[in-house]
Amino acid sequence: MGVWAKSLQIFNCLCDNGKQSVRWIAQQTGFSKSSVHRLQQARERRETHPESWWWETEDGRGWLIRLVVATLYTFGFTRGVGAETISKFFGRLHLETQVGCSPSALRGVMHALEHVILETATAWEHEGVAAGEVRPIIGAVDETFLERMMLVFMDLVSGYLLFEEVAEDRTYPTWYALVEARLEALGGGVLYLVSDRAKALIKLAEKGLECVSIPDVFHLIHDLVKSYSLAICGPLRQARQALHQARESLTTCQASQRSSEEAQQAQAEVEACEAEVERWESVHSAYRHHLETVSLLVHPWRIFHSTPQTSQEVESRLHAEIDAITALIETHGLSAKKKAVEKVRKQLTGLSALVDLWWQRVWQDVQQVALTPMWQRWVDEQLLPLLYWQHQVSRTRCPRRKAKLLQALEAVQDTFDRHPITRQLAPDVLEGWKAWAAEHAQAFQRASSAVEGRNGALAQLHHNQRGVPKRRYKVWTVLHNFDCRAPDGTTPAARFFRRGFPDLFETVLSTIDDVPRPRKRNQATALRG
């Protein structure tokens with residue numbers, strides 16, 4: 001029997017019978033007199049605050065354990081707060097006499113929690129693999145640089161991190177060895193791989209995994225922004241500054257009642273500056289419009305009419321937008337970044353190929369069910385675009401692009417609701433079709449921005465915790481997979497394995513029976529305090 005269990009039994013005995021002698025308590029509990037005496041002295045040292053008695057109860061002790069574990073789990077692991085800060089926090093809660101609150105004691109608890117978290121995640125993952133529900137992976141790969149370089153591999157549909165591994169290099173052999181080992185353990189394959197145009201990552205997809213390598217639209221647009229945004233925003237900023245100065249000069253002329261000729265010159269200068277600002281604002285607006293159009297083109301449907309399109313059509317329109325951006329730059333006398341534009345053009349074919357690849361998978365699935373031409377059109381032009389635009393609207397943050405996607409969604413929703421097939425289907429059958437369409441809608445992944453976001457989160461955690469042990473990286477991966485919840489309450493692991501898992505925190509908490517005992521203070525120090 002542990003110290004706390006013995007102390008609780010003595011406390012309950014005193015609560016039931018009032019103050020008693022050490023001999024009597026020893027007889028009632030079966031403990032030795034020395035043990036009872038020692039435990040009573042320890043309890044008296046702990047009762048230094050009005051609320052201290054509650055921690056001696058069974059409920060209080062259980063809540064204390066939950067408090068310590070929840071604080072270390074939430075702030076220590078998921079927010080990167082250091083043990084020294086948490087130690088001060090516990091001290092201000094008057095817990096230093098109830099539990100070991102020193103940084104070293106808290107690090108010991110965190111080490112034990114790390115072990116439990118990793119063991120639990122391994123067991124749950126094995127259960128998910130054994131259930132045989134692993135879907136084809138639509139992967140994104142990238143590297144991030146913390147204290148050590150880490151290679152990141154994520155399933156874009158579910159958000160499940162397949163691995164975040166520390167590596168010495170980012171060459172093809174290193175990538176392939178890690179990915180191959182992970183896929184073998186999961187028993188799954190990769191449908192296609194989204195990445196930047198690093199040669200090792202292209203080779204990983206095309207040679208190692210024998211799948212399609214899709215350029216990342218996020219990086220593609222970023223390359224365009226890096227090339228021309230400064231060239232356009234610089235003159236616009238200068239024109240606005242010149243306009244501000246011209247207006248101040250005009251105000252000064254009017255206030256000092258100078259000659260009409262000087263006032264006319266100041267007014268003319270203001271008008272000239274206004275024209276220059278208007279010119280560069282129109283250039284900036286046109287440039288932003290072309291960038292938005294590039295993003296809105298890479299979809300299985302045209303956004304304005306929700307009619308299906310092919311990879312060839314998408315590629316042709318993308319080239320037209322790049323030509324328009326180049327012409328806009330040249331027309332206004334700005335320097336053209338030919339190398340950057342050529343780099344973007346080389347990616348258009350691969351990016352557009354995603355459209356045909358997605359449609360082929362949809363048609364292969366549809367062929368398993370014999371559909372009439374009317375049903376086929378309903379699936380291609382009504383059902384699929386409805387669920388697809390719903391998914392895209394929920395993911396898009398840019399207000400202008402979101403507004404255009406909402407227009408497309410509302411138009412499809414109206415025709416979908418009025419379609420004869422929609423009206424004749426039973427509610428449960430219709431929900432089944434929608435679930436099927438939603439799964440395919442989520443399979444269109446054109447950007448690895450989720451991995452970039454993960455890299456940013458890792459950078460923040462690493463900034464908070466300098467010199468973290470390597471096992472902490474694995475804990476962060478587990479917390480993302482099994483404890484990062486979407487608005488619908490699902491975790492990446494639940495979406496990836498298509499099955500529910502218990503709450504990770506409650507599972508970890510259930511394995512913790514006790515917390516470190518408070519440090520026994522020196523008697524002379526205690527008297528001085």
Side-chain angles (χ1 to χ4, degrees), residues 1-12 14-15 35 37-117 457 460-469 471-472 475-476 479 483 503-529:
M1 184 180 293
V3 172
W4 291 117
K6 291 181 179 180
S7 181
L8 176 62
Q9 192 168 338
I10 294 173
F11 179 78
N12 290 335
L14 292 173
C15 290
S35 179
H37 180 65
R38 184 171 60 254
L39 291 172
Q40 280 192 302
Q41 285 184 324
R43 181 175 57 79
E44 290 172 358
R45 287 195 299 268
R46 293 195 297 269
E47 292 183 351
T48 55
H49 302 287
E51 72 278 7
S52 298
W53 68 270
W54 193 63
W55 304 122
E56 303 296 333
T57 67
E58 184 175 2
D59 291 339
R61 177 57 51 179
W63 198 88
L64 179 62
I65 294 174
R66 175 178 288 271
L67 173 63
V68 172
V69 175
T71 303
L72 295 176
Y73 183 97
T74 304
F75 299 105
F77 288 139
T78 64
R79 291 296 179 267
V81 178
E84 289 80 4
T85 302
I86 297 177
S87 176
K88 292 179 181 178
F89 172 72
F90 284 149
R92 288 168 179 167
L93 291 178
H94 297 162
L95 298 181
E96 69 280 352
T97 59
Q98 305 296 330
V99 63
C101 294
S102 67
S104 59
L106 295 178
R107 291 190 187 99
V109 178
M110 293 183 73
H111 180 74
L113 292 176
E114 286 175 348
H115 183 71
V116 174
I117 288 172
Q460 183 62 49
L461 285 169
H462 184 264
H463 176 76
N464 292 342
Q465 294 185 338
R466 291 294 181 182
V468 295
R471 65 178 177 274
R472 183 65 54 81
V475 171
W476 288 341
L479 293 177
D483 201 43
D503 184 89
L504 179 61
F505 171 74
E506 295 295 337
T507 302
V508 171
L509 178 63
S510 65
T511 66
I512 306 300
D513 298 326
D514 210 343
V515 288
R517 297 170 61 184
R519 180 181 300 172
K520 186 175 180 180
R521 302 174 65 191
N522 183 278
Q523 188 174 3
T525 304
L527 291 173
R528 287 197 302 269

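All values below come from the heavy atoms of this structure, side chains included, with hydrogens, waters and symmetry mates left out.
Closest of all the heavy-atom pairs between Ala105 and Pro516 is O-CG, 4.1 Å. Closest heavy-atom contact between Ser87 and Ser102: OG-CA, 4.0 Å.
The CZ atom of Phe90 sits 8.0 Å away from the CG atom of Leu64 when rounded to the nearest 0.5 Å. In this structure, the separation between CD1 on Ile86 and CZ on Arg107 is 10.0 Å, given to the nearest 0.5 Å. We find the CG-CG distance between Leu509 and Leu504 to be 11.0 Å, quoted to the nearest 0.5 Å. Interatomic distance, Phe505 CZ to Leu479 CG, rounded to the nearest 0.5 Å: 11.5 Å.
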* Taking it one step at a time, do Phe89 and Val81 satisfy side-chain contact (heavy atoms from CB on, under 4.5 Å)? -> CA-CA 11 Å; Phe89 172 72; Val81 178; over 6 Å; no
* Passes side-chain contact (heavy atoms from CB on, under 4.5 Å), Val515 versus Val109? Steps please. -> CA-CA 7 Å; Val515 288; Val109 178; 5.6 Å; no
* To do: Before giving the answer on side-chain contact (heavy atoms from CB on, under 4.5 Å), spell out for Leu113 and Val475 the whole-Å C-alpha distance, their side-chain angles and the decisive distance to 0.1 Å.
  => CA-CA 9 Å; Leu113 292 176; Val475 171; over 6 Å; no
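Under the side chain to side chain donor-acceptor pair (under 3.5 Å) criterion, the residue pairs touching residues 64-77 are Arg66-Glu506, Tyr73-Asp483, with sequence neighbours excluded.
With respect to Lys88 and Glu96, no salt bridge is recorded, no charged nitrogen being found less than 4.0 Å from a carboxylate O.
In this structure, the side chains of Leu67 and Leu95 come closer than 4.5 Å at one or more pairs of heavy atoms.
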